[in-house]
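One structure is given below, represented as structure tokens, and several questions about it will come after.
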Amino acid sequence: MHTGLRITVFAAALATTFGTAYGLGGTVDAMPPEPKNRAHGAHAGPESTPGAGRAENRGGHEAAAPGGLQISQSGYTFDLQTLRLEAGKKAELRFAVIQDRTGHKVTAYQREHGKELHLILASRDLTVYRHLHPTRAADGTWSTPVELPKAGSYRVFADFKPQGGEALTLGADLTASGRYEPAELPTRNTTATVDDYEVKLDGDLAPGTASELTLTVTKNGKPVRDLQPYLGAYGHLVALRSGDLAYLHVHPNDEPGDGRTQPGPEVAFTATAPSTGTYRLFLDFKHQNQVRTAAFTVHAGGAEGKPGKPADTESAEGEAGHAH
């Protein structure tokens, strides 16, 4: 998923892996237990890419570099063919993944959480978020409709695993033209409201220390106990570090059908932030056949910087914002 945020999911072995949502409220001394689920963007440990992009944490262990900071890695390049869009107008976003050795577009992928590729868009000020699932043509070209609400600079993340290769998250820049008015990062919050739902975040990020983050979903004040699986889980969490937008995509500690996990109201994750700083967390959850996104701003360690103003977080609402 260089220094950076490392989010891990715990169960049996350490593994690798943004509608409108209102963001309310939004040194490991020993190696952590290895997880059953995989966190996209972290992409496992030292053996996945020998000698590449590692950062030492305070415990002396090598921390996996966060994803999305590079356009090319491990022999693959993210070829974003649409580099500019007009804000407020729907357009087609096109891209491909190129195998550097052959120069050909990749057409064979290993499905991860029900999809061959996950596409994330986020504005540089972290107030706009899209989680998309584009369509791949036979020649390897991907496309998806997208409408960005405001002008500015965006980062696009492709999260995928080529057949026979390692899981990767590659990133590229996208510009939306129009009148640009930069927004301040939303202030720290531990409660988010989306439509009639309220999501509360319990737990704190700490640099170099694994900690549990528990998100509790209620609707009209009542616990939601019938969350629906979305891409094979009761919740998906994306974390972006303010400043460089280092990307991580994580999944719950447990999963539907494992014999012990309840469909809400709580969804738990385990997270490690090897650096101090401010992070933006986006939780996708599905209920009554609609996907919603709750957004949080959290700070890991040290003194918080100058607070921003409260802000809405624009993300595609429901299934329209999580295009398939």
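Heads up: numbering here begins at 1 and tracks the sequence.
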Would you give the length of the straight line joining atom CZ of Arg260 to atom CD of Glu255, rounded to the nearest 0.5 angstrom?
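Reported value, rounded in 0.5 Å steps: 8.0 Å.
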Between Thr77 and Asp100, a side-chain donor and acceptor under 3.5 Å:
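Present: a donor and an acceptor within the cut-off.
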Would you check if Tyr154 and Arg124 make a side-chain contact, meaning some heavy-atom pair closer than 4.5 Å?
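No - every pair of side-chain heavy atoms lies 4.5 Å or more apart.
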What are the two closest non-hydrogen atoms of Leu83 and Asp173, and how far apart are they?
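So the two residues come closest at CD2-O, 4.2 Å.
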With rounding to the nearest 0.5 Å, note down the distance linking CG in Leu93 to CG in Leu148.
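If we round to the nearest 0.5 Å, Leu93:CG and Leu148:CG are 8.5 Å apart.
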Specify whether Tyr247 and Phe157 have parallel, tilted or perpendicular ring planes, treating 30° as the upper limit for parallel and 60° as the lower limit for perpendicular.
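Answer is parallel, since the angle falls under 30°.
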Could you check whether any side-chain heavy atom of Leu240 comes within less than 4.5 Å of a side-chain heavy atom of Phe282, counting everything from C-beta outward?
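Sidechains of Phe282 and Leu240: in contact.
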At their closest point, which heavy atom of Val106 faces which heavy atom of Pro162, and how far apart are they?
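Minimum heavy-atom separation between Val106 and Pro162: CG1-CB, 4.4 Å.
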Can a donor-acceptor pair be found, under 3.5 Å and without considering hydrogens, that links the side chain of Thr82 to the backbone of Arg94?
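Yes; judged by distance alone, with no hydrogens or angles, the pair exists.
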Do Arg155 side-chain atoms and Gly171 backbone N/O form a donor-acceptor pair below 3.5 Å?
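Such a contact is found between Arg155 side chain and Gly171 backbone.
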Looking at Lys150 and Ala87, what are the two nearest heavy atoms and their distance?
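Lys150 and Ala87 have their closest heavy atoms at C-CB, 3.5 Å.
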To check you understand the geometry: which heavy-atom pair defines the closest contact between Leu170 and Ile71, and what is its length?
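Scanning both residues, the minimum pair turns out to be CD1-O, 3.7 Å.
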Mark yes or no for whether Asp195, through its side chain, and Tyr197, through its backbone, hold a donor-acceptor pair below 3.5 Å.
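Here the side-chain-to-backbone pair does not exist.
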Partner of Leu213 under side chain to side chain contact (heavy atoms under 4.5 Å, CB included), chosen from Leu205, Asp202, Thr270:
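Exactly one pass, corresponding to Leu205.
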Apply side-chain contact (heavy atoms from CB on, under 4.5 Å) to the pair Leu281 and Leu237, showing each step before the final yes or no.
CA-CA 7 Å; Leu281 308 182; Leu237 188 66; 4.1 Å; yes
So does Asp79 pair up with Lys105, basic N to acidic O under 4.0 Å?
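Salt bridge between Asp79 and Lys105, a charged N being under 4.0 Å from a carboxylate O: no.
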Measure from the side-chain N and O atoms of His299 to the backbone N and O of Gly301, and report whether any donor-acceptor pair falls under 3.5 Å.
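The answer is yes, because a donor-acceptor pair under 3.5 Å joins these two groups.
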Let me know which of His118, His236, His287 forms a ring-ring contact (aromatic ring centres under 6.0 Å, His included) with Tyr230.
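Option passing the ring-ring contact (aromatic ring centres under 6.0 Å, His included) with Tyr230: His236.
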Going through the checks in order, is the side-chain contact (heavy atoms from CB on, under 4.5 Å) test met by Phe95 and Leu117?
CA-CA 12 Å; Phe95 65 94; Leu117 183 145; 3.7 Å; yes
Is Arg188 salt-bridged to Asp204, cutoff N-O under 4.0 Å?
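Judged by the 4.0 Å cut-off on N to carboxylate O distance, Arg188 and Asp204 do form a salt bridge.
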Once rounded to the nearest 0.5 Å, what's the spacing between atom OG1 of Thr144 and atom CG of Leu132?
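Answer rounded to 0.5 Å: 5.0 Å.
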Charged N-O contact under 4.0 Å between Arg292 and Asp284:
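So Arg292 does not pair with Asp284 through a salt bridge.
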For the side chain of Gln228 and the backbone of Gln288, is there at least one donor-acceptor N/O pair under 3.5 Å apart?
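Confirmed, Gln228 side chain pairs with Gln288 backbone.
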Minimum heavy-atom separation for Tyr180 to Ala151, with atom names?
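For Tyr180 versus Ala151, the nearest heavy atoms are CD1-O, 3.1 Å.
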Residue pair Leu119 / Val156, side-chain heavy-atom distance below 4.5 Å
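A side-chain contact exists here, since the closest heavy-atom pair is under 4.5 Å.
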I need the minimum non-hydrogen distance between Glu184 and Thr127, along with the two atoms involved.
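Nearest heavy atoms, Glu184 then Thr127: O-CG2, 4.2 Å.
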Does the side chain of Asn253 reach to within under 4.5 Å of the side chain of Glu212, using non-hydrogen atoms?
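Result yes, sub-4.5 Å side-chain heavy-atom pair found.
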Validation row: Val217, Tyr234 side chains within 4.5 angstrom (heavy atoms)
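No, their side chains stay 4.5 Å or more apart.
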Non-hydrogen side-chain atoms of Arg225 and Pro265 separated by less than 4.5 Å
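Side-chain contact under 4.5 Å: yes.
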Could you check Arg111, Arg136, Lys161 and say which one makes a side-chain hydrogen bond (donor to acceptor under 3.5 Å, both in side chains) with Glu116?
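Exactly one candidate clears the test, Arg136.
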Would you give the length of the straight line joining atom NE2 of His104 to atom CD1 of Ile98, rounded to the nearest 0.5 angstrom?
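One gets 9.5 Å once the value is rounded to the nearest 0.5 Å.
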Is the shortest heavy-atom distance from the side chain of Ile120 to the side chain of Thr169 under 4.5 Å?
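No, every pair of side-chain atoms sits at 4.5 Å or beyond.
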More than 12 foreign heavy atoms under 6.0 Å from NZ of Lys200: is that the case here?
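Counting other residues, nucleotides and ligands, NZ of Lys200 stays at 12 neighbours or fewer.
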Stepwise, does the ring pair (Phe, Tyr, Trp, His ring centres under 6.0 Å) test hold for Trp142 with Tyr109?
CA-CA 12 Å; Trp142 294 86; Tyr109 294 82; 5.4 Å; yes
Distance in Å, Asp196 CG paired with Lys222 NZ, rounded so as to fall on 0.5 Å steps:
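Here the interatomic distance stands at 12.5 Å.
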